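Just so it is clear, the structure is predicted and the values come from calculations on it, not from any experiment.
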Amino acid sequence: MLRALIIGHNGQDGSILWRQLAARGFSLLGVSRSGIRVHAAEWCEAVDITNLECMRRVMAGFRPDQVYYLAAYHHSSQDSGIGEANVWQDSWDIHVHAFSNLLCAAKECCSAVRIFYASSSRVFGEASTSPQDEQTLFAPRCIYGLTKVSGMMLADYFQRVHGLFVSCGILFNHESPARGSQFVSQRIANGLVAIKYGCASKLEIGSLDARVDWGYAPDYTRAMQMVLDANHAETFVISSGQTHSVREMVAIAADHLKLPLGTHVIESSSILQRRPQDLCGNPSRLRSATGWKPLVGFHQMVRILVDAAVARRHGETPSFPV
């Protein structure tokens, strides 16, 4: 039985990946800030990814065949009381320092393991070329993107110098009902459902014209697995290769709810967390190396989000295809 360690198992991608790997018969150990989780495995010790000795015990004791490093520190510019120095430190601790602990422990205790590092399209910042691919220069414009670049450099170093199998996925926006409520896709779905059921009168959006390369999260976690099943460790852009406007997402969601928009949707620049960046990924290398392609398109994804929001409105736990 293959064994996988998922670091960040409680997040959107981690929870979806857990379901997919369990269905494939994997033995699983999940690690997150809230604690550990196991499936068809035994492990009872708390895991601190910022502690090198702890990571050595995990890699030597659990001996995973695969590791998915999905841990991330997200910070909203609307959060108050958090200084930039603290954001730098917390981002560095998770995206770089803890990842280096994993790589060092793998090199010493479990060198045949295959490791996936989840990076972000924000490493490209305000890219001068479009679409972005694996050759596009990094130009991050935020702490998140800067520290993710550093994590990718670590991955490259341990692959070239120490021979570890470490692949990076540059993930563009990907959505599912497991996505946090603060993200625009969920605010649209939840906001329009609230209007539909008379619980709200309007939905405020930062920019209806902002364009995003959106995909369906279970397709992207499936890509992660295909990357680790590939013959060689590489960096891959994981994206849909297409952009859609926020206005399109709103229109599809409203149509699915049979909700006339009228004056319900209002643009408000005050809720913009950052200037929109028109990024679009080119997943050609991923398709060529693994045969991956998305199974759920943009329209279907939006309808899935809306159906889940309706289920939550009725007090039900939403189900969605993975």
Side-chain angles (χ1 to χ4, degrees), residues 4 6-24 26 28 30-32 37 66-74 116-123 144 148 167-190 193 211-229 236-244 246 248-249 252-253 256 279-283 286-287 290-312 317-322:
I6 303 176
I7 298 177
H9 75 279
N10 269 350
Q12 171 187 247
D13 294 356
S15 62
I16 293 170
L17 183 62
W18 185 279
R19 291 172 59 185
Q20 292 174 336
L21 290 175
R24 290 179 59 189
F26 272 71
L28 301 173
V31 174
S32 71
R37 181 185 181 189
Q66 299 181 352
V67 177
Y68 296 87
Y69 194 91
L70 312 180
Y73 177 75
H74 294 283
F116 178 89
Y117 181 74
S119 187
S120 164
S121 60
R122 286 161 73 178
V123 300
Y144 187 90
K148 284 291 187 180
S167 287
C168 296
I170 302 176
L171 296 153
F172 282 64
N173 291 63
H174 48 291
E175 317 297 321
S176 79
R179 189 72 140 146
S181 60
Q182 73 274 26
F183 291 91
V184 67
S185 59
Q186 290 290 64
R187 294 205 310 108
I188 290 170
N190 293 331
V193 167
R211 299 190 68 84
V212 180
D213 186 333
W214 269 303
Y216 186 53
D219 281 335
Y220 287 41
T221 53
R222 190 167 47 82
M224 296 176 190
Q225 298 167 64
M226 297 173 79
V227 164
L228 290 195
D229 289 338
F236 294 97
V237 164
I238 304 178
S239 69
S240 75
Q242 301 176 344
T243 64
H244 297 273
V246 173
E248 288 177 76
M249 179 174 280
I252 294 166
H256 190 53
L279 296 174
C280 180
N282 178 1
L286 178 64
R287 286 199 302 263
T290 69
W292 176 84
K293 63 179 180 180
L295 301 179
V296 172
F298 178 71
H299 285 66
Q300 184 182 355
M301 180 194 75
V302 175
R303 291 191 290 267
I304 289 171
L305 296 179
V306 171
D307 289 342
V310 171
R312 285 192 295 268
T317 300
S319 61
F320 58 96
V322 301

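A donor and an acceptor atom, one from each side chain of Ser240 and Asp213, are located under 3.5 Å apart. In this structure, a donor-acceptor pair under 3.5 Å is present between the side chains of Arg312 and Asn190.
Val212 places none of its side-chain heavy atoms less than 4.5 Å from the side chain of Met249. Between Asn10 and Arg37, every side-chain heavy-atom pair lies at or beyond the 4.5 Å cut-off. Within the 4.5 Å cutoff, side-chain heavy atoms of Ser176 are placed close to those of Ile16. With a 4.5 Å cut-off on side-chain heavy atoms, Arg222 and Met226 count as touching. At least one side-chain heavy atom of Leu21 sits less than 4.5 Å from a side-chain heavy atom of Ile6. Between Leu286 and Val227 there is a side-chain heavy-atom pair separated by less than 4.5 Å. Looking at Gln242 and Phe298, their side chains never come closer than 4.5 Å, going by heavy atoms from C-beta outward. Counting heavy atoms from C-beta outward, Trp18 and Leu28 have side chains that approach closer than 4.5 Å.
For the atom pair Tyr216 OH and Ile304 CD1, the distance stands at 4.0 Å (nearest 0.5 Å). Distance check, rounded to the nearest 0.5 Å: OG1 of Thr290 to CD of Gln225 gives 11.5 Å. Of the inter-residue distances, the one linking Ile170 atom CD1 with Phe236 atom CZ reads 11.0 Å to the nearest 0.5 angstrom. From Ile252, atom CD1 reaches atom NE2 of His244 across 7.0 Å, with rounding to the nearest 0.5 Å. In this structure, Ser319 OG and Asp307 CG are separated by 9.0 Å, a value rounded to the nearest 0.5 Å.
Applying the ring pair (Phe, Tyr, Trp, His ring centres under 6.0 Å) rule to Phe320 yields no partners; only residues at least two apart in sequence or on another chain are considered. Remark: His256 engages no residue in a ring pair (Phe, Tyr, Trp, His ring centres under 6.0 Å) (not counting sequence neighbours).
Ring pair Tyr220/His174 is parallel by interplanar angle, where below 30° counts as parallel and above 60° as perpendicular.
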* Any chance you could lay out the side chain to side chain contact (heavy atoms under 4.5 Å, CB included) test for Met301 and Trp214, step after step, and finish with the verdict? => CA-CA 9 Å; Met301 180 194 75; Trp214 269 303; 4.1 Å; yes
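When every heavy atom of Thr221 is checked against every heavy atom of Gln20, the shortest pair comes out as OG1-OE1, 2.8 Å.
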